[in-house]
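Reckoned from all heavy atoms, side chains included, excluding hydrogens, waters and symmetry mates.
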Amino acid sequence: MSSSTLPPDLAGTIDVLMIDNFDSFTWNLYQQLCLLGAKVTVIRNDAIEPEKFSQLKINSLIISPGPGHPQTDSGISKAAIEYFQGKVPILGVCMGLECLVDLYGGEIAYAGEIMHGKVSRIRHDNRGCFKDIPQGIESTRYHSLSASHTTLPPDLAITSISGSGVIMGVRHRKYTLEAVQYHPESILSDGGDALMRNFLSLRGGLWELNPQSGVLDSNLPPFPVEALSKEIASDPTAKAKVPTILEKIYAQRLKDVASAESTPGTTFADLETLLHLNIAPPLIPFVTRIKQTQLDRPALFAEIKRASPSKGPISLTTSPAAQALTYALSGAQTISVLTEPKWFKGSLQDMLHARLSVAHLPNRPAILRKDFILSRYQVLEGRIWGADTVLLIVSMLPEPLLRDLYEYSRELGMEPLVEVNNAKEMEIALSLPAKVIGVNNRNLHDFQVDMGTTSRLSDMVADKDVILCALSGISSPEDIQRYASENVKAVLIGESLMRAEDPASFIRHLLSLPDPSSTTPSWQNTAPLVKICGIRSKAEALAVAQAGADMLGLMFVKSAKSHIDLETARDISAAVRALRFATTSQSTPSDVGNGPWFNTHASRLSTSTDRPLLVGVFQNAPLAEILHSISYAQLDLVQLHGSEPMDLAHHIPVPVIRVFHVGTGTGADGITRPGAHQFVLLDSMRTDGSKLSGGTGKVVDWDFARSIVDAGEIRRTAHNYSPKVASADDVKAEDDVSAPSTVLHDASSKLPLPIILAGGLNPSNVAHAIHTVSPWAVDVSSGVETEDRLGKDLDKVLAFIQAAKSTQLTTIS
């Protein structure tokens, strides 16, 4: 070795240089690498002096297994690692791992077990050389020495361990320098070829040059040491290495997110495209919604949770949509939806369905994505799927990542709920500075509940602009009253609500709210509204208005006998508006509450004194014609009386009445779908095959109409619509109209569907119709006309209105 130049076989470019520590396994490694396509050059650990390393041109370096201790038996191996680190990828096997640890100051000592030719299962971090290798692989071990946990240098990270807790792999945190204690080249070791392929794919000396390895992914946690075998579970030293539940969930969510993010259509770039296309539903401000409470009680975060790691299955068959709507109508300010699939049995679909079910309430709750958020991807994913806020768990996230996710959430318009469990975490949350901080009474590392956790931390937010929330374990009014006295502004309740037979009653019990004095919507406490359709002139409009009509229908269907032109409609509008201006009360209508879509709109209109309203009636007219008519004639509402698409109502700037043409077995499908038109009208389908209604003199089967009202606006089951249609001649005031007809099976809803009843009504049968059907409003045209059908008979109009207004609505029993 006295020559100053390299031997000829080392002078050129070397693909893989392997330093042999005088071990027979070196040749197994050589064969494995060659079969994988590598060109390997092998030298003994005393073949050249370290001073000649600078002359070597190598692409990668491998330190082989070998007998003895790295301080006495590894020759130039440690010097080679020191020289080539940061320049080329380096892999150590068995003695190679011990050389690496010893070089950085770690202790190599007795492993606590002698493993010569024995097989052990190992767990790993799925990064670097272990990328995409299955967990629990069998490894062949030939060693009695190992690296010590307690003295492992900070530059090195544990990448794998045996079931007994012995370190089976380490990696440098910066350099492409990795090592394993076992023998991947052995025929008894699983995944050996995959590990070697991963190593051979590395380029350069830094992990930052190899992003595909996942080593520097800031979202990844320290490698969670998996649970030890039962035989040593009682050993405190070994037990300290057991991962917490939180660490296990974190590791699983990393895999879940990686899978989702790599799937075409759901990549981060795909989600950003959806965001820019405004696919994400509109947000509501989380902080503002929390503050909208009753009687100074804490806000309610009502949770949808099918299962949990600590309790197992809780309510696996619960419909998130139905549960969310129940929570919303019971006064919840926020609905928390678990979206973690493995332990909590949740999904993004659960959150979306919950969001959609409350979307059309006038003051819907905020939607919280309750999950183990560890990347920007999940934050954006939550926004796309309908979240108003996301949960950030301080104990799970490195502080730089926590701050990044907090700021990113705010960039997307979502103020996060930041979860803490101790004073240190509270200090971090306050430094963000978080506006909503939840104290989890359940320690996520062991899932033990301590109800005093929130109490102990409450003083830390005193006099700060922070909403303090108590999370987990709350199940009684006393719990809530205690927290309210400690300045807690919100409580999250999950398991007890999910197990409650009647969540609405349980919420009232928890929040000490009085039972509602009445479950009847406000529109049922007033007489039905009356719409007189087919108004032809200004004089007729004023006369009908003064008779007490609530709505006047102006016919823009050219084929109708009562059709009027726009100039006439404009004259009628001017006269009616002048009348309204002179007679409308200045009193503010009462609040109708946070009810479902159709009930809310019906109750608002029933309590308004700004009447009569002008309704323009159209049938399959172009949108441009409808919009021009609204503008020119100053219409208050539009009635779509044809087969218009449901979504057309979204483009009409005034409330819309949609007509459902009821015939034998058809006509009521989709009648409770909210969000487009504000009101529904039932009319009898013609027999001319047009599938339209009106002008036939036929009466909708009133029993069937009543079944639609009673089935309610909120329906959890399917219904079979097959109405019976009777003629006007068959239905008179004195007749029995309770002939058999198909009735919807679920009539238990406390929120009846408000409908406008039309079809064959007249002064003699309208009272009976109202008594039977209990509609929100009634609509008449030909039933109050003169004998020559050229105008309205005011006596009939008065009789019709008086009969309608004097009839008491019947409510659901």
Side-chain angles (χ1 to χ4, degrees), residues 523 526-556 560-564 568-585 589 601-617 633-639 641 654-655 657 659 678-679 681-683 694 754-767 769-770 773 775-786 789-807 809:
W523 64 264
T526 62
L529 302 188
V530 175
K531 175 172 172 278
I532 307 296
C533 202
I535 301 297
R536 293 175 172 87
S537 68
K538 178 172 70 173
E540 188 172 80
L542 291 174
V544 172
Q546 290 169 346
D550 301 293
M551 291 176 274
L552 307 181
L554 307 183
M555 187 64 64
F556 293 99
K561 294 179 181 179
S562 55
H563 169 263
I564 59 174
T568 302
R570 187 180 178 92
D571 289 343
I572 292 173
S573 178
V576 170
R577 288 181 179 279
L579 177 65
R580 278 162 41 183
F581 186 77
T583 59
T584 299
S585 169
H601 286 287
S603 293
R604 282 184 186 150
L605 197 53
S606 290
T607 57
S608 171
T609 59
D610 190 21
R611 297 200 288 262
L613 301 172
L614 297 169
V615 182
V617 181
Q634 294 293 289
L635 302 175
D636 298 304
L637 296 91
V638 161
Q639 179 173 315
H641 208 102
V654 296
I657 300 169
V659 175
Q678 287 76 17
F679 309 101
L681 184 150
L682 295 186
D683 203 352
I755 67 167
I756 304 172
L757 182 65
L761 297 180
N762 57 56
S764 64
N765 68 8
V766 66
I770 293 170
V773 178
W776 165 63
V778 289
D779 186 346
V780 64
S781 180
S782 61
V784 292
E785 289 192 340
T786 59
R789 304 293 185 183
L790 297 178
K792 300 305 178 196
D793 184 323
L794 291 181
D795 289 336
K796 291 181 180 179
V797 169
L798 279 168
F800 186 92
I801 293 173
Q802 289 174 359
K805 296 291 185 181
S806 61
T807 304
L809 294 178

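Interatomic distance, CG of L552 versus NZ of K531, reported as 9.5 Å (0.5 Å rounding). Going from atom CD1 of I755 over to atom CG of D779 covers 11.5 Å, rounded to the nearest 0.5 Å. Here the CG atom belonging to L637 is positioned 6.0 Å from the CZ atom belonging to F679, to the nearest 0.5 angstrom. Rounding to the nearest 0.5 Å gives a distance of 11.0 Å between CD of Q802 and OG1 of T807. Rounded to the nearest 0.5 angstrom, L798 CG and Q546 CD are separated by 10.5 Å.
Closest of all the heavy-atom pairs between L757 and P775 is CB-CB, 4.0 Å. Residues A602 and W776 come closest through the heavy atom pair O-NE1, 3.3 Å. What you find for A804 and P528 is that their closest heavy atoms are O-CD, 3.5 Å. Between A758 and L681 the shortest heavy-atom distance is CB-CD2, 3.7 Å. Among all heavy-atom pairs drawn from P763 and K796, the shortest one is CG-O, 3.5 Å. Across every non-hydrogen atom of A549 and I801, the tightest pair is N-CD1, 3.6 Å.
Qualifying side-chain contact (heavy atoms from CB on, under 4.5 Å) partners for D571, counting only residues two or more places apart in sequence or in other chains: none. Under the salt bridge (Lys or Arg N to Asp or Glu O under 4.0 Å) criterion, R570 pairs with no residue at all, not counting sequence neighbours. Under the side-chain contact (heavy atoms from CB on, under 4.5 Å) criterion, A803 pairs with V766, not counting sequence neighbours. Remark: F800 pairs with no residue by the ring-ring contact (aromatic ring centres under 6.0 Å, His included) rule, at least two apart or across chains. Scanning for side-chain contact (heavy atoms from CB on, under 4.5 Å) contacts around A569 gives L554, F556, I564, A633, with sequence neighbours left out. In this structure K805 satisfies the salt bridge (Lys or Arg N to Asp or Glu O under 4.0 Å) test together with D550, sequence neighbours excluded. With sequence neighbours excluded, the residues satisfying side-chain contact (heavy atoms from CB on, under 4.5 Å) with Q678 are W597, H601, P655, V656.
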Worked verdict on V780 versus I532 for side-chain contact (heavy atoms from CB on, under 4.5 Å) = CA-CA 5 Å; V780 64; I532 307 296; 3.5 Å; yes

ask   = Taking it one step at a time, do I756 and Q639 satisfy side-chain contact (heavy atoms from CB on, under 4.5 Å)?
value = CA-CA 11 Å; I756 304 172; Q639 179 173 315; over 6 Å; no

message = The test is side-chain contact (heavy atoms from CB on, under 4.5 Å); show your working for Q634 and V654 and say whether it passes.
response = CA-CA 10 Å; Q634 294 293 289; V654 296; over 6 Å; no

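For the residue pair S608 and D610, no side-chain donor N or O sits within less than 3.5 Å of a side-chain acceptor on the partner.
With R611 contributing its side chain and L529 its backbone, the two residues share no donor-acceptor pair below 3.5 Å. The backbone N or O of V784 sits nowhere less than 3.5 Å from a side-chain atom of D793 that would complete a donor-acceptor pair. Judged by distance alone, the side chain of N765 and the main-chain N or O of G760 form a donor-acceptor pair under 3.5 Å.
Annotation: side chain of H641 is not in contact with side chain of I657 (no heavy-atom distance under 4.5 Å). The shortest side-chain heavy-atom distance between V773 and L682 does not fall under the 4.5 Å cut-off.
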Below 3.5 Å, can you tabulate the donor-acceptor pairs from side chains in residues 535-544 to any protein atom, sequence neighbours excluded?
{"unit_1": "R536", "atom_1": "NH1", "unit_2": "E785", "atom_2": "OE2", "d": "3.4"}
{"unit_1": "R536", "atom_1": "NH2", "unit_2": "E785", "atom_2": "OE2", "d": "3.4"}
{"unit_1": "R536", "atom_1": "NH2", "unit_2": "R789", "atom_2": "O", "d": "3.2"}
{"unit_1": "S537", "atom_1": "OG", "unit_2": "E540", "atom_2": "N", "d": "3.1"}
{"unit_1": "E540", "atom_1": "OE1", "unit_2": "R536", "atom_2": "N", "d": "2.9"}
{"unit_1": "E540", "atom_1": "OE2", "unit_2": "K792", "atom_2": "N", "d": "2.7"}

